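Indexing begins at 1, ligand by ligand and atom by atom, following the structure's order. Not measured: the values here are computed from a predicted model.
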Amino acid sequence: MVALKCIIVRRIPNIFNKITTFILIKSNYNMEITQAYIQENRDRFLNELLDLLRIPSISADPAFADDVRKTAAVLAEGLTHVGADNVEICETAGYPIVYGEKIIDSSLPTVLVYGHYDVQPADPIDLWDSPAFEPIVKKTEIHPEGAIFARGACDDKGQMFMHVKAFEAMMKSDSLPCNVKFMIEGEEEVGSENLGVFVKNNHDRLKADVILVSDTGIFANDVPSITTGLRGLSYVEVEVTGPNRDLHSGLYGGCVANPINILAKMIASLHDEDNKITIPGFYDKVVELSDEERAEMAKAPFKKEEYLKALDIDEVYGESGYSTMERGSIRPTLDVNGIWGGYTGEGAKTVIASQAFAKISMRLVPDQDPEEITQLFYDHFMSIAPEGTKVKVTPHHGGEPAVTPIDSVGYQAASMAYEKTFGKKPIPVRSGGSIPIVAMFEKELGLKTILMGFGLDSDAIHSPNEHYGLFNFYKGIETIPYFFSYFSELLKS
Ligand code: BES
Ligand code: MN
Ligand code: MN
């Protein structure tokens, strides 16, 4: 074995047909050690993740600022401990970005791993079966081996941490086949504004051949998939103001515009009877998929009955002419995320509120531009405001949609890696979620991202009782070293 270990991956010209082949003996041998290391350290890996999940790194709520920063510090320490060099907590105008790297040979390929250590707020906390920041492992129907229940378990601490542990395993087994850089941010859930600035100012430091992200999912635990597209986002807050004060609904009801009635009416008018969005120009830049592409998508084993059952609904609902899979990925949407105003306390209070509010998200698809869509929304929403009201539209963060090609070396390496660990070739699936920095990475760094996620849609990310399967956590740690290995080999050939 020692002798074998010394045979470094090397090209040998084939004298018969001049094809160049590789000897993979060393990498195969070391991969066994890598995988054995992962198996031996399973429990410790889990416990370390549970510790990370105990810190409430909620980026949206300033009350948790110290915890967000503490998470960055713990992560930086963890990266250093497992052998990353130049680990730095890079300050930004907001929360820091944790950077670390291992450059083994500058002539080898480099994988840039991106993830986020911030999490969504836990509310509504009453709906959690166990406290959001006191992780526990419980078995579920979908996760018979057990799942970790905690805010951030899947999105994205659990998935980001798989990379740290996969890196540890490669370091400890002397099998890291290329260079790796980590860039883990703390503001993904609030729009990644400062990451954009960091990336712009660090082109050299972030030089790489591919970006690898685990912040998406797979179709099912027995149907591995690779995410090939993400939707973009335009997010606005609207405010309708009527009279200058709350009014008695008997004395004034029927005589003035009720901001809540008006807001409800305006929102309802944003979809027509086919559930198409009525904002003029909204669909102008939407790329329609070809019949072949749609037929390809329809091959995914989507089971409507299971979908309905899991959500406890008796029918799906959406844009006519499209399947549920299509509605949730290749079609744009408009959804109210929150709506408030007036009296919502105990009992009945007869009042016409002075103001009504709503938060509205629009998920976008190629080639819709978030700024353009926000403008279209603004123009339209203002135009439908009736007399007797004042309307305000405030844009929040947005993000561009992204598609990743399936004919790239990165995709091929990811596909081979999943096939190796799941025993099945993964299918390409476009996702409905958004990771705005993926489009930004391409613009700024000229790099494509490989979305190697391991979560499930049913993991309740952003919801009460978020969880992440132990199967998925370990499968991720096992799959990542194969990606590194295949990617390095494919790029060298
Ligand atoms: N990890 C998610 C996005 C995601 C989840 C994509 C599952 C595909 C599958 C990410 O953390 C997220 O929540 N993104 C936000 C957008 C952001 C600007 C707040 C989203 O999609 O709502
Ligand atoms: Mn995420
Ligand atoms: Mn998220």
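Residue pairs that meet the side chain to side chain donor-acceptor pair (under 3.5 Å) test with at least one member in residues 409-427, sequence neighbours left out, are T421-T479. Applying the ring pair (Phe, Tyr, Trp, His ring centres under 6.0 Å) test to pairs two or more places apart or on separate chains, those with a residue in residues 300-331 are F302-Y307.
Under the 6.0 Å distance and 45° angle rule, R205 counts as a cation-pi partner of Y99.
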Would you list the atom pairs, donor with acceptor, under 3.5 Å between side chains in residues 55-73 and any protein atom, with sequence neighbours excluded?
{"unit_1": "S57", "atom_1": "OG", "unit_2": "Y117", "atom_2": "O", "d": "2.8"}
{"unit_1": "S57", "atom_1": "OG", "unit_2": "K157", "atom_2": "NZ", "d": "3.0"}
{"unit_1": "S59", "atom_1": "OG", "unit_2": "D118", "atom_2": "OD2", "d": "2.6"}
{"unit_1": "D61", "atom_1": "OD1", "unit_2": "A63", "atom_2": "N", "d": "3.0"}
{"unit_1": "R69", "atom_1": "NH1", "unit_2": "E91", "atom_2": "OE1", "d": "3.2"}
{"unit_1": "R69", "atom_1": "NH1", "unit_2": "E91", "atom_2": "OE2", "d": "3.1"}
{"unit_1": "R69", "atom_1": "NH2", "unit_2": "E91", "atom_2": "OE1", "d": "3.4"}
{"unit_1": "R69", "atom_1": "NH2", "unit_2": "G94", "atom_2": "O", "d": "3.3"}
{"unit_1": "T71", "atom_1": "OG1", "unit_2": "D67", "atom_2": "O", "d": "2.7"}

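Residues D379 and Q375 bring a donor and an acceptor atom of their side chains to less than 3.5 Å of each other. Remark: the Q35 side chain and the E478 side chain contain no N/O donor-acceptor pair separated by less than 3.5 Å. A donor atom on one side chain and an acceptor atom on the other are not found under 3.5 Å apart for N47 and R44.
The protein heavy atom nearest to atom 18 (C) of ligand 1 is P436 CG, 3.7 Å.
With a cut-off of 2.8 Å, the protein N/O/S atoms near the Mn ion (ligand 2) add up to 4.
The Mn ion (ligand 3) sits nearest to atom NE2 when only the N, O or S atoms of H462 are considered.
Evaluated by nearest non-hydrogen atom to atom 9 (C) of ligand 1, the leading choice among G433, S431, G453, S214 is S431. When the heavy atoms of E189, R231, H462, R363 are ranked by distance to atom 22 (O) of ligand 1, first place goes to R363.
Using a cut-off of 4.0 Å between Lys/Arg side-chain N and Asp/Glu carboxylate O, E306 and K309 are scored as not salt-bridged.
Contact annotation: D156 has no heavy atom less than 4.0 Å from any atom of ligand 1.
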